[in-house]
Amino acid sequence: MLKQYLQFKLSQKLSPQQIQLMKLIQLPTQAFEQRLKQELEENPALDTGKESEAKDNEFDEFDNTQDDYNDNETIDAGDINVDEYLSDDEIPDYRTHANNYSADDDEKSVPYASGTSFTQHLTNQLNTFRLSDQEYEIAQFLVGSVDESGYIRRSLSDITDDLAFTQNVYTTEDEVEKVLGIVHQLDPAGVGARNLQECLSIQLHRKEQDPDVELATSIIDNAFEQFTKKHYKKLLQKFSITEQQLKDAIEEIESLNPKPGGSYSGNNRIVEHIVPDFAIKIVDGELELTLNGRNAPELHVSRSYNNMLKGYKESKEKSKAQKDAVLFIKQKLDAAKWFIEAVKQRQQTLFVTMSAIMHYQKEYFLTGDERMLKPMILKDIADEIDMDVSTVSRVANSKYVDTPYGTKLIKEFFSESMTNDQGEEVSTREIKKILETVIEEEDKKKPLTDDKLAKILKEKGYPIARRTVAKYREQLDIPVARLRKKI
């Protein structure tokens with residue numbers, strides 16, 4: 001038996017413009033500048049204030065009133081209202097400086113590390129050794145296998161096979177290991193190691209030998225597992241040494257570099273410089289928020305496009321070629337008009353969202369004390385500014401704010417809540433800060449276990465379980481008690 005059902009379904013479909021706006025909102029300052037540059041290159045109807053000023057010291061700004069156009073709409077060129085795109089406004093209405101924008105930053109380029117690449121740096125050193133042609137090829141291949149931390153993570157058998165298949169170099173594992181010993185003599189010390197133990201051992205063997213270094217070398221070479229697990233009593237017994245001797249040897253080990261590749265400044269990788277999207281200052285006891293001026297470009301229609309439209313309007317006879325040209329111009333003008341409106345909405349969204357976060361966490365921004373951070377989730381801010389949670393998320397996850405206490409990722413201000421023994425809601429960030437402080441002040445000879453930490457937090461008014469303490473400790477990147485132990 002067939003039955004018919006009538007089902008109503010309410011769905012919302014975002015327009016291409018809305019999707020593009022969401023993407024613009026998500027971009028941090030430097031990425032936004034790149035997106036702006038791309039749009040300027042692709043749309044000749046869009047100009048910046050600086051370019052126009054260099055040409056004419058005047059701005060021609062088209063009307064910012066929005067019109068809706070259907071992408072599939074057929075347009076009669078004769079019906080185009082040219083005046084709609086022509087205006088005598090000299091300053092874009094969104095380019096205001098009333099405490100909304102900070103001064104523009106001078107440095108806008110993404111800096112790169114200069115100099116020789118890490119691989120080339122190592123290869124250059126090979127020329128100082130007497131090597132046969134085959135040994136040199138093997139050494140080059142080994143150097144090319146060094147990762148950014150300075151390690152060779154692959155087995156010698158894999159490397160031997162790859163040399164045969166990809167380089168036509170037929171050799172043995174013994175010969176590869178012999179050449180690897182030469183790579184281990186390169187700088188920085190420890191480069192080419194296959195694991196942490198070998199990396200530390202290489203560095204210790206190259207240091208000037210004294211009793212402390214010799215003991216440290218013996219510990220790494222012969223008791224590495226006991227050392228990593230901090231079984232100090234076993235080390236004292238094994239080497240028949242005093243606590244002070246062990247302490248001095250451990251200090252030697254701790255002075256070594258576990259990632260020799262990371263210390264080389266010539267890695268040809270982009271140096272990531274964070275550009276804060278906002279700045280918060282305390283002025284006369286009150287918080288003042290500014291949006292980085294690099295997020296507020298001066299955009300307008302290019303003068304040449306305006307002149308082309310004026311020429312079309314003033315001509316008595318309009319040829320087909322002119323109409324086709326005007327249709328193309330109108331398409332570019334519509335795109336430019338939308339992009340400027342999207343930039344304006346992006347600025348407003350960023351400023352309104354950050355302003356709401358700043359006022360919500362006012363006590364923290366006035367003091368810098370993380371214990372003053374209130375529990376805050378995305379929905380709290382979304383409800384406050386009447387926007388979607390996803391919009392707030394886009395702002396929080398990718399933007400930084402410059403505060404009197406350093407540059408912070410905005411999403412760090414968000415945290416869940418829990419109830420203390422007084423029945424008050426407190427931020428999990430507050431609990432983590434207290435946990436961090438307790439661990440910093442513990443006796444490192446007898447570090448506190450998670451059970452003891454849970455008891456201390458309960459005494460301070462935060463009744464949380466041991467497994468929750470363990471979770472927070474891991475999130476803070478703090479090791480277990482055994483690994484925090486010091487002699």
Side-chain angles (χ1 to χ4, degrees), residues 149 151 190 193 195-201 203-204 212-213 215-259 262 369-373 375 409 412 414-422 426-487:
S149 297
Y151 288 81
N195 51 54
L196 178 61
Q197 182 180 11
E198 188 172 52
C199 178
L200 299 178
S201 179
Q203 293 179 59
L204 286 167
D212 293 339
V213 173
L215 177 58
T217 306
S218 296
I219 290 171
I220 294 300
D221 288 346
N222 306 309
F224 186 69
E225 188 176 352
Q226 287 98 320
F227 168 72
T228 55
K229 292 182 177 179
K230 297 198 173 184
H231 291 159
Y232 295 137
K233 287 183 179 178
K234 290 182 179 179
L235 292 174
L236 291 171
Q237 292 172 357
K238 183 179 179 70
F239 294 99
S240 301
I241 52 176
T242 65
E243 282 195 4
Q244 186 59 46
Q245 286 176 310
L246 180 58
K247 188 175 181 180
D248 292 340
I250 290 172
E251 284 180 2
E252 285 288 347
I253 296 170
E254 288 177 343
S255 70
L256 304 176
N257 185 358
K259 292 184 178 181
D369 187 349
E370 290 190 8
R371 290 172 295 182
M372 304 301 288
L373 279 171
L409 183 61
E412 292 178 0
F414 290 83
S415 64
E416 299 289 340
S417 65
M418 70 154 289
T419 307
N420 63 14
D421 59 358
Q422 311 261 319
V426 294
S427 166
T428 53
R429 283 292 299 274
E430 177 182 333
I431 298 170
K432 287 179 185 177
K433 187 64 182 176
I434 293 170
L435 176 64
E436 197 173 21
T437 304
V438 170
I439 291 174
E440 283 176 1
E441 294 174 353
E442 71 185 358
D443 180 359
K444 294 303 177 186
K445 290 188 176 181
K446 295 180 181 179
L448 300 167
T449 63
D450 291 341
D451 278 323
K452 290 180 180 177
L453 289 170
K455 288 178 183 177
I456 291 172
L457 287 173
K458 188 175 181 180
E459 290 169 3
K460 290 179 178 290
Y462 305 99
I464 58 176
R466 184 205 60 79
R467 63 180 179 274
T468 308
V469 169
K471 182 178 78 172
Y472 290 167
R473 177 180 51 70
E474 288 170 3
Q475 289 174 352
L476 291 166
D477 201 23
I478 296 173
V480 295
R482 177 172 51 80
L483 297 180
R484 299 199 305 273
K485 186 177 179 182
K486 290 187 177 179
I487 191 166

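Side-chain contact between Glu251 and Lys247 is present, with at least one heavy-atom pair separated by less than 4.5 Å. Between Leu373 and Lys433 the shortest side-chain heavy-atom distance does not fall below 4.5 Å.
Considering all non-hydrogen atoms of both residues, Ala216 and Glu252 come closest at CB-CB, 4.1 Å. Minimum interatomic distance between Leu448 and Glu442 (heavy atoms only, all atoms of both residues): N-OE1, 2.9 Å. The two residues Pro447 and Ala481 make their nearest non-hydrogen contact at CG-O, 3.0 Å. Nearest heavy atom pair, residue Pro258 against residue Cys199, reads O-SG, 4.1 Å. Closest of all the heavy-atom pairs between Ile439 and Lys444 is O-NZ, 2.9 Å. Asn195 and Glu198 make their closest contact through OD1-N, 2.8 Å (heavy atoms, listed as atom of the first residue, atom of the second, distance).
Here the straight-line distance linking atom CG of Leu435 with atom CD1 of Ile464 works out to 7.0 Å at 0.5 Å rounding. A distance of 12.0 Å separates CD1 of Ile456 from CD1 of Ile434, quoted to the nearest 0.5 Å. One finds the CG atom of Leu204 at 10.5 Å from the CG atom of Leu215 (value rounded to the nearest 0.5 Å). One finds the CD atom of Glu243 at 9.5 Å from the NZ atom of Lys233 (value rounded to the nearest 0.5 Å). Residue Thr217 holds its OG1 atom at 10.0 Å from CG of Leu200, rounded to the nearest 0.5 Å. To the nearest 0.5 Å, atoms CG (Leu457) and CZ (Arg466) are separated by 13.5 Å.
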Counting only pairs under 3.5 Å, give me each side-chain donor-acceptor contact of residues 218-228, with atom names and distances, residues two or more places apart or in other chains.
unit_1 : atom_1 : unit_2 : atom_2 : d
Ser218 : OG     : Glu214 : O      : 3.1
Asp221 : OD1    : Ser201 : OG     : 2.8
Asp221 : OD2    : His205 : NE2    : 3.1
Asn222 : ND2    : Ser218 : O      : 3.3
Glu225 : OE2    : Lys229 : NZ     : 3.0
Thr228 : OG1    : Phe224 : O      : 3.3
Thr228 : OG1    : Glu225 : O      : 2.9

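Checked by atom type and distance alone, the side chain of Arg473 pairs as donor or acceptor with a backbone atom of Ile478 at under 3.5 Å.
In this view, Pro479 and Leu483, Arg484 satisfy the side-chain contact (heavy atoms from CB on, under 4.5 Å) rule, not counting sequence neighbours.
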